[in-house]
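Note that the coordinates shown come from a computational prediction; the quantities given were computed from them, not determined experimentally.
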Amino acid sequence: MNIAERIFERLKELKMSQTEFSEKTGIKMSTMSEWKKKRTNPSSEKIMPICLALDVSPEWLLSGAERKGRNSSISSTYIIDKDSEMGLLIDAYSGLDHDMRQRLLGYAEALREYNS
């Protein structure tokens with residue numbers, strides 16, 4: 001199965017129309033039609049918007065690896081929106097020096113244990 005076939009399969013699973021998909025990704029309906037007719041695949045710059053719209057990982061989209069939300073079972077990579085709470089946390093974390101990062105990780109671990 002190629003990338004385009006996985007996209008259309010996932011659209012069916014989600015009961016998402018091609019129009020809705022087009023609106024979410026900015027991909028023209030005519031482009032999607034070309035994928036179907038010529039059995040071509042999306043360009044590389046469209047992969048992440050497609051993954052976000054379909055709630056799949058790039059690994060799944062590109063290879064068909066088992067999907068678990070946005071995380072693939074074969075990857076230890078997360079896909080996180082930069083404007084989300086987690087994205088903001090990662091941005092703040094990346095601006096810290098090594099010692100402060102270690103300190104923050106210690107706090108986070110203590111909070112997780114306290115919350116358990």
Side-chain angles (χ1 to χ4, degrees):
M1 184 179 299
N2 69 26
I3 295 168
E5 290 168 334
R6 276 191 282 282
I7 290 169
F8 292 113
E9 175 188 274
R10 183 68 175 146
L11 287 172
K12 284 181 189 174
E13 287 175 8
L14 295 172
K15 296 181 172 82
M16 182 186 298
S17 71
Q18 290 183 26
T19 303
E20 184 180 356
F21 178 73
S22 176
E23 290 169 359
K24 286 185 174 197
T25 61
I27 298 169
K28 295 179 183 178
M29 298 284 291
S30 59
T31 301
M32 289 185 279
S33 181
E34 288 295 310
W35 296 344
K36 273 187 175 179
K37 288 179 189 172
K38 296 184 179 178
R39 301 183 65 88
T40 59
N41 289 313
S43 59
S44 60
E45 69 270 2
K46 299 296 184 189
I47 297 298
M48 291 312 296
I50 290 168
C51 289
L52 291 172
L54 299 180
D55 193 29
V56 297
S57 71
E59 292 86 1
W60 179 81
L61 186 62
L62 298 172
S63 70
E66 183 181 340
R67 145 179 102 255
K68 294 183 180 176
R70 291 191 181 146
N71 302 323
S72 169
S73 61
I74 61 169
S75 176
S76 61
T77 303
Y78 291 105
I79 299 171
I80 298 172
D81 186 333
K82 289 171 58 176
D83 295 325
S84 70
E85 189 175 73
M86 187 66 72
L88 295 172
L89 182 61
I90 290 169
D91 188 51
Y93 175 85
S94 65
L96 300 174
D97 66 27
H98 176 75
D99 291 339
M100 293 304 285
R101 286 181 181 185
Q102 294 306 307
R103 190 174 188 177
L104 183 58
L105 289 173
Y107 290 146
E109 185 60 36
L111 285 169
R112 182 171 51 185
E113 288 176 19
Y114 178 77
N115 201 32
S116 297

hydrophobic_cluster_shared for Met16 and Met32, side chain cutoff 4.5 Å:
yes
Output the distance between atom CG (Leu62) and atom OG (Ser44), rounded to the nearest 0.5 Å.
10.0 Å
In terms of heavy-atom contacts, does CD of Glu109 have more than 12 from other residues, nucleotides or ligands at under 6.0 Å?
yes
Please check: side-chain N/O of Thr25 versus main-chain N/O of Phe21, any donor-acceptor pairing under 3.5 Å?
yes
Heavy-atom pair of closest approach, residues Arg101 and Ser94:
NH2-O, 2.8 Å
Salt bridge or not for Glu9 and Arg6, using N-O below 4.0 Å?
no
Mind checking the CG-CD1 spacing from Leu61 to Ile7? Nearest 0.5 Å is all I need.
5.0 Å
Using the rule side chain to side chain contact (heavy atoms under 4.5 Å, CB included), only one of Asn41, Ile50, Thr40 pairs with Ile3; which is it?
Asn41
hydrophobic_cluster_shared for Leu14 and Ile27, side chain cutoff 4.5 Å:
yes
Examine distances only and state if a side-chain atom of Ser63 and a backbone atom of Glu59 form a donor-acceptor pair shorter than 3.5 Å.
yes
If every non-hydrogen atom of Lys46 is compared with every non-hydrogen atom of Pro42, which pair is closest and at what distance?
CB-CB, 4.3 Å
Could you tell me whether Met29 atom CE has more than 12 heavy atoms of other residues or ligands within 6.0 Å of it?
yes
Under 3.5 Å, side chain of Gln102 to main-chain N/O of Asp99, donor-acceptor pair present?
no
CD on Glu20 to OG on Ser22, rounded to 0.5 Å:
10.5 Å
Minimal non-hydrogen separation, Met100 against Leu96, with atom names:
CB-CB, 3.9 Å
Less than 4.5 Å apart, side chain to side chain, heavy atoms only: is that true for Asn2 and Arg39?
yes
Where is the tightest heavy-atom contact between Arg10 and Val56, given as atom of each residue plus distance?
NE-CG1, 3.5 Å
Taking the side chain as C-beta and beyond, is there a heavy-atom pair between Glu5 and Trp35 under 4.5 Å?
no
Would Lys36 and Gln18 count as a side chain to side chain contact (heavy atoms under 4.5 Å, CB included) if you check the C-alpha gap in whole Å, the side-chain angles of each, and the deciding distance to 0.1 Å?
CA-CA 12 Å; Lys36 273 187 175 179; Gln18 290 183 26; 3.1 Å; yes
Set out, in order, the CA-CA distance, both residues' side-chain angles and the distance that settles side chain to side chain contact (heavy atoms under 4.5 Å, CB included) for Thr31 and Lys28, then state yes or no.
CA-CA 5 Å; Thr31 301; Lys28 295 179 183 178; 3.8 Å; yes
State which residues pass side-chain hydrogen bond (donor to acceptor under 3.5 Å, both in side chains) with Glu113; sequence neighbours excluded, sorted by chain then number.
none
